[in-house]
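Report on the following structure.
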Amino acid sequence: MRNIVLTGFMGTGKSSVGVELAKELGFRYCDLDSLISDEAGMTINRIFEQYGETHFRDMESSAIERISSQENLVISSGGGAVIRGKNRELLRSSGVMVNLQASAEEIYSRVHGDSSRPLLKNNMSLEKIGMMLREREPFYAEADLRIDTTGKKVEDVVREILRYLEGNI
Ligand code: S3P
């Protein structure tokens, strides 16, 4: 099997689900944001502050290019990784794409106390989250499998993904 790519808005549970899913499958876990941050030697917030979003997106695209040629990885992608068409193409062709969803209200309640997300840092509101979700919806919708994580435990989501993989691989 190739890779499992988790996409989804900030706070939809990509990292928690990704770690558990990788364990279940015996795959390596790769968190794209951590990879970018480790390579840059600074936090994602700092990259945005110092170099701006476009530079971060270029780093993200470069990391996706490298990672998507590997195998047996569970890749947790940043919420905006699906914005660029080329990223989506690479991630899609790298394996199975699973999109994690949650309502704007649920996302707000999960991320509002967290200042590590530069795009929401100065504008953490339900309206902003709703607007970004609507903008990105067509990109998230390209996934092979979509799961609404609202009110679900990590293990429930992992089980749903495993069930899908059994029937489709
Ligand atoms: C972003 C999501 C973040 C991170 C960066 C930009 C986005 O990742 O890549 O802050 O554009 O939605 P998470 O989804 O892991 O929080």
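Remember, it's 1-based here, ligands and their atoms both numbered in the order they're listed. What you see is a predicted model; the values in this text were computed from it and never measured.
Among protein heavy atoms, the minimum distance from atom 16 (O) of ligand 1 is reached at R117 NE, 3.0 Å.
By heavy-atom distance, the residue among D33, L6, V111 lying nearest atom 3 (C) of ligand 1 is D33.
Checked against a 3.5 angstrom limit, the closest N/O atoms of S77 and ligand 1 fall outside it. The shortest N or O to N or O distance between G79 and ligand 1 is below 3.5 Å. The shortest N or O to N or O distance between G80 and ligand 1 is below 3.5 Å.
Heavy-atom distances between R57 and ligand 1 reach below 4.0 Å in at least one pair.
With R88 contributing its side chain and V82 its backbone, the two residues share a donor-acceptor pair below 3.5 Å.
For ligand 1, the atoms sitting less than 4.0 Å from at least one non-hydrogen atom of L119 are 7 (C), 11 (O), numbered in the order shown with element in parentheses. Ligand 1 places these atoms under 4.0 Å from at least one heavy atom of G78: 8 (O), 9 (O), 14 (O). Counting the atoms of ligand 1 from 1 in the order shown, those under 4.0 Å from a heavy atom of P118 are 10 (O). Applying the 4.0 Å criterion to heavy atoms of I44 picks out, from ligand 1, the atoms 5 (C), 10 (O).
Donor-acceptor pairing under 3.5 Å is lacking for the side chains of S94 and R2. Looking at T43 and N45, their side chains never bring a donor and an acceptor atom within 3.5 Å of each other.
Using a 4.0 Å cut-off between charged side-chain N and carboxylate O, R134 and E137 make no salt bridge. Remark: R159 does not engage E20 in a salt bridge, criterion side-chain N to carboxylate O under 4.0 Å. Salt bridge annotation for R110-E105: absent, with no cationic side-chain nitrogen under 4.0 angstrom from a carboxylate oxygen. The pair K14-D31 fails the salt-bridge criterion, with no side-chain N (NZ, NE, NH1 or NH2) lying under 4.0 Å from an Asp/Glu carboxylate O. A salt bridge links R57 to E60: one of the charged nitrogens lies within less than 4.0 Å of a carboxylate oxygen.
Counting heavy atoms closer than 4.0 Å to ligand 1, residue I83 contributes nothing at all. The side chain of K14, and not its backbone, has at least one atom closer than 4.0 Å to an atom of ligand 1 (non-hydrogen atoms only; side chain from C-beta on). Only the side chain of R136 comes within contact range of ligand 1, with a heavy atom under 4.0 Å; no backbone atom does.
Taking all atoms of both residues into account, the shortest heavy-atom contact from M124 to Y108 is O-CE1, 3.7 Å.
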